[in-house]
Structure formats: structure tokens, C-alpha cells
Amino acid sequence: MANDASTVFDLVILGGGSGGYAAALRGAQLGLDVALIEKNKLGGTCLHNGCIPTKALLHAGEIADQAREAEQFGVKAAFEGIDIKGVHKYKDDVIAGLYKGLQGLVASRKVTYIEGEGRLSSPTSVDVGGQRVEGRHVLLATGSVPKSLPGLEIDGNRIISSDHALTLDRVPESAIILGGGVIGVEFASAWKSFGTEVTVIEGLKHLVPVEDENSSKLLERAFRKRGIKFNLGTFFQSAEYTDSGVKVTLADGKTFEAEVLLVAIGRGPVSQGLGYEEQGVAMDRGYVLVDEYMRTNVPTISAVGDLVPTLQLAHVGFAEGILVAERLAGLKTVPIDYDGVPRVTYCHPEVASVGITEAKAKEVYGADKVVALKYNLAGNGKSKILKTAGEIKLVQVKDGAVVGVHMVGDRMGEQVGEAQLIYNWEALPAEVAQLIHAHPTQNEALGEAHLALAGKPLHSHD
């Protein structure tokens, strides 16, 4: 810990989540003297309350489903139930291993790590634990917390947030999930696999509403098949306790009852009371405003991650943190193309995408300039073996590049890496079509889709 008041770091980072620690690691790698301040645990939301624990729950749910369905593969198995303590131990062991590794990384890079609650005290300093940490530049990376609605109090008992859901000591018999975005449908999927009766309430007209409409409809069809209920197109009005749980009333008067209500309407920035506004940092609805290089209106202050109004994804935070570190180290940096960021919702089946939707493409290029093609996974051998259904949809500018790849099906998140290259390298369908994809793989479905779009389909037909 830096006790010498004369110490001035090259970079002081407030927040040790995805964006903050990525900036610290990359900055130190480039020779910057870095101080990293975190009030909770290094790794932030993603490692401890988000990406990692939720995916562990989803994988446990996948194992439960496989046990139930083993007979269809010729395997004799019996599903005896969920040991929630065992699930939590598995989840916590995954987190602990990654946490230890991350602590080792930060120490090995000679980053000065300071535990405590920091507050921006000047354009070049952060106060923490009675100490002023000075820097030539300050990076704000204080992340986000679960949001609620006016009049809806998250009490951690029957009305819970995703943070509470990750440590729940039981599998609820029934649950209402308010919000059909990524967080909502992932918990709906995991809980259904655990045996919970789930109803998702989404005010917009589709689940995962920011995805291509075709992906949303495919997910809705799959959820119906799994017995996951949902109500779309009507907004929440109120919630109240009943003798045995919670009753939710919608704006149209429709009511739903369940043991618990999970509020999953998104996450809001952590920025209040941290000195940002006092130091002149421009903000909007709690978010810190930045330019394409993550610079705020104060020359010595940058901001990244969930604190800024960009995609709330850990890998976006990584990229933004790296961009800031490289910019401060004097390297040439390129702004992030947020359309080119891969997006995955890890429910069953998975929803993965990169690029823009068909609707957005028509808006940008004109309806007559956009071509869309759907490739059904029924034509893919490995998907047949896995007994997963879904589609890969390609969106192309006519006679030009593929500008959107939208996929629904088990393990589609593992295919989004190639999709990312296709979009970001502005590939033509014919260029992807000439690449040889391994058979039988699900990855092959991407190749088949591009073969079809290039006019030479192999295992597909009109």
C-alpha cells in the first residue's frame, strides 16, 4: 500500500471489476505505475455476482436435464433432485479458483492493490481509508448494481435481485421473473432445469428484445416447449406479499402468484456519492459520459465498463480498460465498434449474435439492399446428435458483406467467435463459403449457412 504522500502513480483506478483490472494489468504490462482500488473483491460483478456464477448454475441445470433425458440416448440414469448446497459448492469453487488466479496476476504485474472504498477527491486523486492516492490520470470503473422500479422494494426475502438468487438456500417451487432480457431468461432457464415453475414478465413484445426478432421467436418457442411461461407486451404495475409468496399485478390487471419474485430489469451504474459530479465529470442518469476513447470531459479522467452507457458485458469492460491503458501508454488506439462485439445469452437454448439485426440493417441500408438467410440446425449432423434445435440467420448487404449473424441453439455461444471474425473483417459470403469447416461440428453450420447465401448450398435447400 502506498503510504508515501509523494508517490504519484501514472494511473489510479477506482474499481477492480472487469474494466478496472483489465486496465491495471495492461497498464502495468506497458510500464505504467498503477494503483488499483477496490472496496469488495477483485474481479467485481462478473466474477462474483454475474457471468461466472450464473453460468455455473446454468451448467448444473444442464446436467440435471441430461440426467432426466438420459434414456433417449440409451443411457440408464436416474434424476434424484437438486442438492442446492452441492450446487453452491461447485459454483463457489469455480469462483474461488479464478479469484485466486486473478489475485496472483495482479500481484505478479506489480500493481499496487488497495482495499477500501474510494472516492474521487480531485481530477487527479482518490481518497481511500484516510489516504489520498495521487495519479497523473484517474480511471473510474465502479460498475453497476441490480436495478428496481419505483415502489418495488427488493427486500432479499420474497422479492429478490440476481445477487440474492445466486445464494438462495433452496430451489423455489415457483418464481416470477420480472424482465425478459439476458439476466431474466438465464435464471428462468436455470430454475426450470432445477424444477421451478417459472413465469417471465416482459413489458416489451419479445423475450431478449434487443436481439433479432427471429432469435426472440425461436427462444420463445423453445421456452414454451420446456414449459417456461411468459407474458409479453404488458408492463408491471405492483407487487405484494401473500400468505405463501408474492402476487404481481400488471398494467392490464392480470395477476400472477409465486413463491418468489426475481427483479431482473437490468443493472444501473454505481456513481452516487463518489465525488464524480463534484469534480465536474459530465453525467446522465447516473452514467458517466465518455467519448469513443473512453475520455470524460475532464482531461485527466476516463471511465469504462458498466459505469458508462455502452454494452454491459464483461468483455466490453475488458476491451475498454485495455483501450484506456494503451492510450495512456502512448500506443495508437482504435475506438470499439460495439456492433462488432459478440453477445451471448446462456439459456437453454443459447442465443448468440454479432453485428446488427435485420430490422436495423434495413433501416441503415434500405429494405431493398438487405438479404437475410436462415439455416436450420436440423441439417447439421452434430446438432442432431446433441438433439438441439435452432437456426443460424445471416444478414447481408446485397452483393456485399455479412453485417449480422444471429444464432439460436445449444452451444451457439461457442460459435460466435467465428461469427465475430466474419462481421469485423467484413467478409463476403463467398469468402466464408470457400473455407473448410470440420465435419461433424456445429461450427460447420456457419459454413453451410454461408454456402447457401453464396448460392451453392450443400446440406440445405429452399
Side-chain angles (χ1 to χ4, degrees), residues 49-69 79 81-82 84 87-88 90-91 94 146 160-168 170-202 204 206-211 215-232 256 258-266 313 343-353 377 383 386-391 406-416 442:
N49 302 100
C51 327
I52 300 302
T54 54
K55 278 48 175 185
L57 291 186
L58 283 157
H59 185 60
E62 182 183 0
I63 299 300
D65 288 334
Q66 287 176 345
R68 288 188 190 96
E69 299 161 6
F79 175 71
I82 299 295
I84 196 65
V87 171
H88 286 316
Y90 153 65
K91 165 179 66 72
V94 172
I160 63 175
S161 71
S162 56
D163 288 351
H164 302 119
L166 286 170
T167 57
L168 207 59
R170 68 194 187 282
V171 176
E173 288 188 14
S174 58
I176 297 166
I177 298 177
L178 183 59
V182 173
I183 297 170
V185 301
E186 287 189 351
F187 272 102
S189 187
W191 276 349
K192 182 63 180 179
S193 296
F194 288 171
T196 304
E197 286 301 310
V198 178
T199 302
V200 181
I201 306 295
E202 172 54 56
L204 299 178
H206 287 295
L207 297 178
V208 288
V210 300
E211 295 291 342
S215 294
S216 295
K217 289 179 177 178
L218 287 169
L219 180 62
E220 289 159 13
R221 184 188 306 165
F223 270 21
R224 284 191 199 98
K225 192 173 180 181
R226 291 187 62 194
I228 298 174
K229 300 172 186 173
F230 47 89
N231 191 91
L232 306 173
F256 300 86
E259 181 185 332
V260 296
L261 168 62
L262 169 60
V263 181
I265 58 168
L313 298 168
R343 306 171 292 272
V344 186
T345 304
Y346 295 88
C347 50
H348 167 48
E350 290 183 351
V351 180
S353 64
L377 293 183
S383 295
L386 295 171
K387 289 186 176 287
T388 187
E391 285 181 357
H406 307 276
M407 304 180 285
V408 177
D410 288 343
R411 305 187 185 181
M412 286 298 106
E414 301 301 326
Q415 312 311 319
V416 82
Q442 287 185 291

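We number each residue from 1, following the sequence as shown.
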Who are the salt bridge (charged side-chain N to carboxylate O under 4.0 Å, His left out) partners of Glu186, not counting sequence neighbours?
->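 For Glu186, the residues satisfying salt bridge (charged side-chain N to carboxylate O under 4.0 Å, His left out) (neighbours in sequence not counted) are Lys55.
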Taking only residues two or more places apart in sequence or in another chain, which ones pass side chain to side chain contact (heavy atoms under 4.5 Å, CB included) with [X]?
{"X": "Ala64", "result": "Arg68, Phe79, Ile82"}
{"X": "Lys387", "result": "Gln72, Phe73"}
{"X": "Leu232", "result": "Glu202, Leu207, Glu220, Phe230"}
{"X": "Pro53", "result": "Lys91, Ile95, Leu166"}

Does any donor atom in the side chain of Ser216 or Glu211 lie under 3.5 Å from an acceptor atom in the other side chain?
-> no
Listed pairs under 3.5 Å, donor-acceptor, residues 170-178 side chains, sequence neighbours left out:
unit_1, atom_1, unit_2, atom_2, d
Arg170, NE, Glu259, OE2, 2.7
Arg170, NH2, Glu259, OE2, 3.2
Ser174, OG, Glu259, N, 2.9

Can you tell me how far CZ of Arg221 sits from CZ of Arg224, rounded to the nearest 0.5 angstrom?
-> 8.5 Å
Distance in Å, Thr199 OG1 paired with Leu261 CG, rounded so as to fall on 0.5 Å steps |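 The OG1 atom of Thr199 sits 11.0 Å away from the CG atom of Leu261.
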Sidechain-backbone polar pair: [X] side chain, [Y] backbone, donor-acceptor under 3.5 Å:
{"X": "Thr196", "Y": "Val198", "answer": "no"}
{"X": "His164", "Y": "Ser161", "answer": "yes"}
{"X": "His348", "Y": "Ala190", "answer": "no"}
{"X": "Glu350", "Y": "Met412", "answer": "yes"}

Using a cut-off of 6.0 Å, state whether more than 12 heavy atoms not belonging to Gln66 lie near its atom CD.
-> yes
Show your working on side chain to side chain contact (heavy atoms under 4.5 Å, CB included) between Gln442 and Thr388 and close with a plain yes or no.
-> CA-CA 10 Å; Gln442 287 185 291; Thr388 187; 3.7 Å; yes
Can you sort out the partners of [X] under side chain to side chain donor-acceptor pair (under 3.5 Å), two or more places apart, ordered by chain and number?
{"X": "Lys229", "value": "none"}
{"X": "Arg226", "value": "Ser189, Ser193"}
{"X": "Glu197", "value": "Lys192"}
{"X": "Asn231", "value": "Lys254"}

Verdict with supporting geometry, Val344 and Val416, side chain to side chain contact (heavy atoms under 4.5 Å, CB included) = CA-CA 8 Å; Val344 186; Val416 82; 4.0 Å; yes
Within a strict 4.5 Å, meaning less than it, do heavy atoms of the Val263 and Pro146 side chains meet?
->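 Not in contact.
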Leu219 vs Val351 side-chain heavy atoms within contact, under 4.5 Å = yes
Can you give me the closest heavy-atom contact between [X] and [Y], atom names plus distance?
{"X": "Val200", "Y": "Gly179", "result": "CG1-O, 3.7 Å"}
{"X": "Ala60", "Y": "Val87", "result": "CB-CG1, 4.2 Å"}
{"X": "Phe187", "Y": "Ala165", "result": "CE2-CB, 3.5 Å"}
{"X": "Leu262", "Y": "Ser162", "result": "CD1-N, 3.6 Å"}
{"X": "Leu58", "Y": "Cys347", "result": "CD2-CA, 4.3 Å"}

Not counting sequence neighbours, which residues clear ring-ring contact (aromatic ring centres under 6.0 Å, His included) with Phe223? List them please.
->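 ring-ring contact (aromatic ring centres under 6.0 Å, His included) check on Phe223 returns nothing, list empty.
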Candidate pair Trp191 and Leu168, rule side chain to side chain contact (heavy atoms under 4.5 Å, CB included), full reasoning | CA-CA 11 Å; Trp191 276 349; Leu168 207 59; 4.2 Å; yes
